[in-house]
Asks: 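After the structure tokens below, expect a handful of questions from me.
In this text, all values refer to a predicted model and were calculated from it rather than measured experimentally. Whatever order the structure lists them in is the order used to number ligands and atoms, beginning at 1.
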Amino acid sequence: KHKYDYLLVGAGLFNAVFAREASKQGKKCLVIEKRGHIGGNLYCENIEGINVHKYGAHIFHTSNKHVWDYMNELCEFNHYINSPLANYKNKLYNLPFNMNTFNRLWGLNTPEQVKQKIEEQRLKIDNPANFEEQALSLIGTDVYQKLIKGYTEKQWGQDAKSLPAFIIKRIPIRFTYNNNYFNDPYQGIPIGGYNSIFEKCFEGCDIYANTDFFANKEIVKSANKTVFTGMIDQYYDYCYGQLDYRSLNFEHEVMNVDNFQGNAVINYTEREVPFTRILEHKHFEFGTQPKTVVTKEYSQEWRVGLEPYYPINTAENQEKFVKYEILANQQKNIYFGGRLGEYKYYDMDKTVEAALSLFKKMNGSHAYR
Ligand code: FAD
């Protein structure tokens, strides 16, 4: 008989939700995490009394009422609404593109005038050959040149003309003066940061931090079943080749002012500015601390040793992933989940849904309300 029902590899959101469901059923979990802390990419470090999102800005938003209720059992959300800005040559524009943005760009006041302006500027072609042509055909020159081109080129580390058109199928444009980035009805930041969610979810589990699965493979023998949220290609020793990722580099800095930029997130859309955005963490929680902590975010190519952040959704990567998935489906008692295990960009609410659904699948629907 195994000592644990589940070995959970990775202490991020996926396994946190899984662990909570398992505990509700009286199941015993062993959690191993290669970083020095639980929380995955949602982890916050308290610096100068401010909850610093160490692995990038995390704003919870969902249209799924069930997921929202589930999260509200774990924490209390504040009323933060994501309203990022774009800085282009020191002029600030509201995002997502809306009447405030267009008014700033062109001095136009009405939706009718703006629609006409976009129509005048739009590139009229049938089959856009690349990202640039696609964006120009959707939104026209000014918005593209000032607010999209440089940012996208930094994000992908490539010229917009060499990126495929399919990356932007549509550009969300609003003809209202509404700066709320998300359309979802539920949104907020956990008061006090994300960490307490993980403390609650992993309560009663045995947790080993600073423990990489690949240096401790025999540990699987201590549990009936394993849920693996690390990289699926690494698990299979890259036998079909490496999956590609984009990585990020974060430069955190404490500043001796109480308010540096007046907003939580400001994107820098000029190609010449090396970072893609600056976060000022206190504004996620309406902080009034005497100092502030800001983070410059740089996009970079992933290589072994760096953190893999974003899966790159090309046909070649998908083909490789499907091969790994076939191996995974053939194997008993190991399940792959989360953004690295499923090689899929998941927002937090989708991660919660996916973890609940895996638990349900493994335990029969009676386990679920
Ligand atoms: P993770 O949180 O990455 O957890 C996986 C864990 O497994 C990590 O802690 C890792 O260290 C560990 N691990 C990996 N390999 C091993 C190993 N070999 N051995 C032991 N442990 C291992 N979603 C939103 O809804 N709103 C947002 O605003 C938002 N912003 C984001 C910003 C950025 C920069 C990124 C990258 C993502 C963002 N997301 C956002 C998505 C969100 O981060 C994910 O939904 C969530 O982190 C997925 O949880 P996970 O458990 O799958 O992965």
Asks: Looking only at protein heavy atoms, which one is nearest to atom 49 (O) of ligand 1, and what is the separation?
Replies: Thr351 CG2, 3.7 Å

Asks: Would you say Tyr43 touches ligand 1, if touching means a heavy atom closer than 4.0 Å?
Replies: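 Not so, Tyr43 does not reach ligand 1.
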
Asks: Do the charged groups of Lys89 and Glu272 touch, with an N to O distance under 4.0 Å?
Replies: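 No, no charged N to carboxylate O under 4.0 Å.
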
Asks: Measure Ala16 to ligand 1 on non-hydrogen atoms and call it side chain, backbone, both or neither using the 4.0 Å cut-off.
Replies: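 Near ligand 1, Ala16 shows nothing, with every heavy atom at 4.0 Å or more.
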
Asks: Suppose I only count heavy atoms of Gly40 and a 4.0 Å limit; which atoms of ligand 1 are within that range?
Replies: 2 (O), 4 (O), 9 (O)

Asks: Give the residue, atom name and distance (to 0.1 Å) of the protein heavy atom nearest atom 8 (C) of ligand 1.
Replies: Glu33 OE1, 3.5 Å

Asks: Could you pull out, from Tyr310, Tyr346, Tyr235, the option with a heavy atom nearest to atom 44 (C) of ligand 1?
Replies: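 Looking at heavy atoms only, the winner is Tyr346.
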
Asks: When you measure from atom 14 (C) of ligand 1 to each heavy atom in Pro311, Gly230, Ser299, which option holds the nearest one?
Replies: Gly230

Asks: Please determine whether a side-chain nitrogen of the Lys or Arg among Glu119 and Arg122 lies less than 4.0 Å from a carboxylate oxygen of the Asp or Glu.
Replies: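 Between Arg122 and Glu119 there is a salt bridge, with a charged N closer than 4.0 Å to a carboxylate O.
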
Asks: Is Arg339 close to ligand 1, meaning an N/O of one under 3.5 Å from an N/O of the other?
Replies: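 Indeed, backbone or side chain, Arg339 has an N or O that close.
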
Asks: Among Leu42, Asn41, Asn82, Val265, which one puts a heavy atom closest to atom 46 (C) of ligand 1?
Replies: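 Shortest heavy-atom distance from atom 46 (C) of ligand 1: Leu42.
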
Asks: Is it true that Glu203 and Lys200 make a salt bridge, defined as a side-chain N closer than 4.0 Å to a carboxylate O?
Replies: no

Asks: Is the cationic atom of Lys296 (NZ for Lys, CZ for Arg) positioned less than 6.0 Å from the six-membered ring centroid of Phe250 and within 45 degrees of its normal?
Replies: no

Asks: Taking 4.0 angstrom as the limit and counting only heavy atoms of Phe214, give me the atoms of ligand 1 inside it, by number and element.
Replies: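 Those qualifying, in numeric order: 18 (N).
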
Asks: Does Glu76, at its CD atom, have more than 12 non-hydrogen atoms belonging to other residues, nucleotides or ligands within less than 6.0 Å?
Replies: no

Asks: Should the pair Asp142-Lys146 be classified as a salt bridge under the 4.0 Å nitrogen-to-oxygen rule?
Replies: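 Between Lys146 and Asp142 there is no salt bridge, as every charged N stays at least 4.0 Å from the carboxylate O atoms.
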
Asks: Using a plain distance cutoff, I'd like to know if Met231 has any nitrogen or oxygen under 3.5 Å from a nitrogen or oxygen of ligand 1.
Replies: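 Between Met231 and ligand 1 (N or O atoms, distance only) the closest approach is not under 3.5 Å.
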
Asks: I want to know if ligand 1 touches Tyr345 in the polar sense, i.e. an N/O pair below 3.5 angstrom.
Replies: yes

Asks: Using a 4.0 Å cut-off to any heavy atom of Tyr55, which atoms of ligand 1 qualify?
Replies: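 Here the atoms of ligand 1 in question are 34 (C).
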
Asks: Ignoring hydrogens and geometry, is there a side-chain-to-backbone donor-acceptor pair from Thr229 to Val9 under 3.5 Å?
Replies: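 Side chain of Thr229 to backbone of Val9: a pair is present.
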
Asks: Looking only at non-hydrogen atoms, which of Asp347, Ile38, Val227 approaches atom 23 (N) of ligand 1 most closely?
Replies: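 Residue with the shortest heavy-atom distance to the ligand atom: Asp347.
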
Asks: Go through ligand 1 atom by atom and flag the ones less than 4.0 Å from a non-hydrogen atom of Phe213.
Replies: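 With Phe213 as reference, the close atoms of ligand 1 come out as 17 (C), 18 (N), 19 (N), 20 (C).
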
Asks: Within the structure, is a non-hydrogen atom of Tyr309 found at a distance of less than 4.0 Å from ligand 1?
Replies: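 So Tyr309 counts as touching ligand 1.
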
Asks: Would you please indicate if the ring centroids of Phe228 and Tyr335 are separated by under 6.0 Å?
Replies: no

Asks: Taking only heavy atoms of Gly338, which atoms of ligand 1 are found under 4.0 Å from at least one of them?
Replies: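 Contacts of ligand 1 toward Gly338, numbered from 1: 52 (O).
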
Asks: For Leu248, take its heavy atoms, then give the atoms of ligand 1 lying under 4.0 Å from any of them.
Replies: 34 (C)

Asks: Is Gly337 in polar range of ligand 1, meaning some N or O pair under 3.5 Å apart?
Replies: no

Asks: Around atom 20 (C) of ligand 1, find the nearest protein heavy atom and jot down its residue, atom name and distance.
Replies: Lys34 N, 3.3 Å

Asks: Can you tell me how far the CE atom of Met348 sits from the OG1 atom of Thr62, to the nearest 0.5 Å?
Replies: 10.0 Å

Asks: Taking distance alone, with no angle check, do Val9 and ligand 1 share an N/O pair under 3.5 Å?
Replies: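 No - when backbone and side-chain N and O of Val9 are compared with those of ligand 1, no distance drops under 3.5 Å.
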
Asks: Using 4.0 Å as the upper bound for N to carboxylate O, is an ion pair formed by Arg35 and Glu307?
Replies: yes

Asks: In Å and rounded to the nearest 0.5 Å, what is the NE2 to CG distance from His58 to Leu13?
Replies: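 One finds 9.0 Å between NE2 of His58 and CG of Leu13.
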
Asks: Tell me whether Asp212 has any N or O atom under 3.5 angstrom from an N or O of ligand 1.
Replies: yes

Asks: Do the charged groups of Glu153 and Lys149 touch, with an N to O distance under 4.0 Å?
Replies: yes

Asks: Would you verify whether the NZ or CZ of Arg339 falls within 45 degrees of the ring axis of Tyr245 while also being under 6.0 Å from that six-membered ring's centre?
Replies: no

Asks: Under 3.5 Å between some N or O of ligand 1 and some N or O of Asn15?
Replies: no

